[in-house]
2 protein chains.
Amino acid sequence: MNVVEKYGGTSVGTIDQILAIAQHVKEMKEAGHNIVIVASAMGKTTNKLIEMTKAISDKVNQRELDSLLSTGEQRTITLLAMAIDALGIPAISLTGYQCGFITSHHHAHARIKDIDITNLKKHLDDGKVVVVAGFQGATENGEITTLGRGGSDTTAVALAAKLGWECHIYTDVNGVYTIDPRLYPHAKRLKEITYNEMMQMACLGSGVLETRSVELASKYHVKLFLGKALEKDKRKGTYIMETIKNLEDMPITGISIKDDYAIMRVNELPNDGKFLGELFAMIAKLDINLDTISQQLTHDGKVNFSFYCNKQQSDTILEHLDELHSKYPISRLLGFVKLSVVGVGISTHSGIAAKVLNTLSAHGIRYYMITSSEISISLTIEEKDKQKAIQVLGEAFDL
Amino acid sequence: MNVVEKYGGTSVGTIDQILAIAQHVKEMKEAGHNIVIVASAMGKTTNKLIEMTKAISDKVNQRELDSLLSTGEQRTITLLAMAIDALGIPAISLTGYQCGFITSHHHAHARIKDIDITNLKKHLDDGKVVVVAGFQGATENGEITTLGRGGSDTTAVALAAKLGWECHIYTDVNGVYTIDPRLYPHAKRLKEITYNEMMQMACLGSGVLETRSVELASKYHVKLFLGKALEKDKRKGTYIMETIKNLEDMPITGISIKDDYAIMRVNELPNDGKFLGELFAMIAKLDINLDTISQQLTHDGKVNFSFYCNKQQSDTILEHLDELHSKYPISRLLGFVKLSVVGVGISTHSGIAAKVLNTLSAHGIRYYMITSSEISISLTIEEKDKQKAIQVLGEAFDL
């Protein structure tokens, strides 16, 4: 097998963990597999570095921050390469730059433009295990960039796509569950899930994988596996792929939750689109992707407008909204969560939306904004009802 | 003034120190000076990283170690650039690679082959303060290398040479003293010292500057200043330059000490040079530069051979000497130090050697091997006599 294995921060938090991964790599290599390892910064390194910069300024230079943060992964990969090498397996570490990750110049959230894998290939052809720094790349001018949230997963999937290899994402959970097991202890682990479902789960709040890496895997048909680091039993984990076998059996794949939701409202706007134009220009500048947006015409030809985002984003928006706000008062409601029911069966199995709404109503749970896609139905509910909603829907759909 | 300022690890050990340097840079810049900063890793970072690798293996891959260690300086320079930037002074950090330091491929002790300062120049022309990572470079293939002991000083001097600027090396001592003040509290700070004297002081054991950086400064006529970080009074510090003004007044510039000396002896060798050929080939492989070497012919045409090195080197040599050792037993004497009297006046002021030897004899101090150069006289003495020898020579020459 040819595989790109990605280890997150909690899997490389200590030297002992690094030694254990090195041992695993040795066994893989001796069994004839080819491996590329992608690693994150050790444990809480990235957060600690960010903490340090706060003693310097609230708003540090992003170009410098990227170069600073990139040292976290660089330390992990050199230590891991040393550990593998010390076991007699030839290994070499490559920083994002050395591995040919060419990115856009957007510091803190750069996009991969291309990967020049000449160097990587040479080392693989020499029989080496290559250990690549996740989360980072460089512009054509050699400026160090980072890829933003979930960046190391993106690194791994992009490499797997380029090499045509399988990609295993190792973390501290042993797969994707129908519902977050911390919220619903009866939740079942999914053996398989489609890219589309996984993307919905990811972007609707299930924290195991960022949408971006799943999107990339889907685009380049990379077979993804998500499991617990160093778990020998490969049945304990979830494959994410194009189509899955037991498609017909499960109309609903899972439920995901996004916490800390805010509802923002502006009423009685003139229906000329001017406010919205200004608002969206500002929100784009703040680098916020709004979640659900809706507007209704009132009987006198004005517009009531509302959008949803998380609390932190709503703070940022209100901070920067002074001028607009004084013209059109924006009200904010806090204390909501967004609950999403996800499954490729939703579009083909009728009655699922009705079952969701009826189940909630039957238990006295109020819901607000409802949106739906081909494979998901999302509802905003009050925070206080979250646990109960998960419980009753989990039981209703046997998740 | 155009100046390259170098800050060692003890000067950038904390965020507060980094903020203080940033404030100093702001003042310099506002006074119209152009500055390049070269910084080392914070505090004991390098040692801590090396310590970590020891949990992996006694003998780690040097290529990986270089990439690991280089992150230390990278963190300092990004934090420092952020701090300067936060004060409203445009600043940018450059790693060794980004700054164009092209080195040989000898990991852990690479030599600078060239510096392509195109990038550096561009940023300086834009009016920025450039903060460069000391101690590091990269091969033509982008492999990260480190320059070995005193490497950050070498980085600073090399940049100053290339730019034609002055170079200030800041550390935790405020200049070069006639004798290490910890050994001789009456020692005087030197206002000025020549490159040659400084090189002798450095290579004969005075730890303030590595020979290599002084050699480079001398070769490219870089005006060096050595002083305490953030000391406002520039009289407190030592200028190192081609010739100095008060040359005639002081035949002796100072005394330096190399501790932990070993004398290695092989007696009754056949006079065919074979043993020495094999010995030196081996020692070169161990990357050891021998200190003093001497041989005498015996009355029956054989050779008695001895050389001096520090204890650690003698350990390494004995470890690797098995085969040679069994043919020609090598004896080792420990417990010596090498004391050197340095000064450009030595070759022009007669009687200095005699005064040194007579002073020691008068106080019952035995000396062994004596060597001399144009500007120094070195003697091997017993460790127990070290303090007394410094005292009596310091007084005799008014140091």
Side-chain angles (χ1 to χ4, degrees), chain A residues 14-16 18-19 22 41-42 45 48-49 51-88 90-95 97-100 118-119 122 131 133 138-139 141-144, chain B residues 14-16 18-19 22 41-42 45 48-49 51-88 90-95 97-100 118-119 122 131 133 138-139 141-144:
Chain A
T14 65
I15 293 288
D16 281 344
I18 285 174
L19 292 171
M42 291 174 76
T45 305
K48 276 185 207 156
L49 289 173
E51 211 46 56
M52 265 177 112
T53 67
K54 292 203 171 137
I56 290 174
S57 169
D58 290 340
K59 222 175 168 164
V60 296
N61 184 300
Q62 289 290 321
R63 185 247 180 217
E64 300 301 335
L65 186 60
D66 272 2
S67 181
L68 176 67
L69 295 184
S70 75
T71 62
E73 289 77 29
Q74 192 169 332
R75 289 193 177 175
T76 316
I77 59 169
T78 52
L79 291 169
L80 193 46
M82 279 177 202
I84 297 168
D85 188 83
L87 294 176
I92 189 163
S93 74
L94 297 178
T95 63
Y97 178 79
Q98 290 173 330
C99 193
T118 318
N119 197 15
K122 186 174 72 67
V131 187
T139 65
N141 300 326
E143 293 283 275
I144 296 167
Chain B
T14 65
I15 294 288
D16 281 345
I18 286 174
L19 292 171
M42 291 174 77
T45 304
K48 276 186 208 155
L49 289 173
E51 211 46 58
M52 266 177 111
T53 67
K54 292 204 172 136
I56 289 175
S57 169
D58 290 340
K59 222 175 167 166
V60 297
N61 185 301
Q62 290 290 322
R63 185 247 180 216
E64 300 301 334
L65 186 60
D66 271 4
S67 182
L68 175 68
L69 296 184
S70 75
T71 61
E73 288 77 29
Q74 193 169 332
R75 289 193 177 175
T76 316
I77 59 169
T78 52
L79 291 169
L80 193 46
M82 281 177 198
I84 297 168
D85 188 84
L87 294 175
I92 189 163
S93 74
L94 297 178
T95 63
Y97 178 79
Q98 291 173 329
C99 193
T118 318
N119 198 15
K122 187 174 72 67
V131 187
T139 66
N141 300 327
E143 293 283 275
I144 296 166

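Order of the sequence lines fixes the chain letters, A, B, ..., with proteins taken first and strands second; residue numbering starts at 1 for each chain. This one's a predicted model, so the numbers in the text were calculated from it and none came from an experiment.
- Minimum interatomic distance between B:Ile15 and A:Ala55 (heavy atoms only, all atoms of both residues): CG2-CB, 3.8 Å.
- Annotation: the span from A:Lys59 atom NZ to B:Asp85 atom CG amounts to 12.0 Å, rounded to 0.5 Å.
- Of the two parts of B:Ser70, only the side chain, counted from C-beta on, holds a non-hydrogen atom closer than 4.5 Å to a non-hydrogen atom of chain A.
- Taking chain B as the reference chain and counting heavy-atom pairs below 4.5 Å, the highest number among A:Asn141, A:Thr53, A:Val131, A:Ile92 is found for A:Ile92.
- Interface summary for chain B: among A:Asn119, A:Ile18, A:Leu49, the most heavy-atom pairs under 4.5 angstrom belong to A:Leu49.
- In this structure, the portions of A:Leu79 lying under 4.5 Å from any heavy atom of chain B include both its backbone and its side chain.
- For A:Ala91, the part lying under 4.5 angstrom from a heavy atom of chain B is the backbone only.
- Between the CZ atom in A:Arg63 and the OG1 atom in B:Thr78 there is a gap of 9.5 Å [rounded to 0.5 Å].
- The minimum heavy-atom distance between B:Glu143 and A:Gln98, with the atom names listed, is CA-NE2, 4.0 Å.
- For A:Arg75, the parts lying under 4.5 angstrom from a heavy atom of chain B are both the backbone and the side chain.
- Residues A:Ser67 and B:Gln74 approach most closely at O-NE2, 3.0 Å, considering heavy atoms.
- Using a 4.5 Å cut-off between heavy atoms, A:Ile144 touches chain B through backbone and side chain atoms alike.
- In this structure, chain B has heavy atoms under 4.5 Å from both the backbone and the side chain of A:Leu65.
- In this structure, chain A has heavy atoms under 4.5 Å from both the backbone and the side chain of B:Leu68.
- For the set A:Thr71, A:Thr95, A:Leu19, A:Asp16, the count of heavy-atom pairs under 4.5 angstrom toward chain B peaks at A:Thr71.
- Ranked by heavy-atom pairs under 4.5 Å with chain A, the list B:Gly142, B:Ala83, B:Ser93 is led by B:Ser93.
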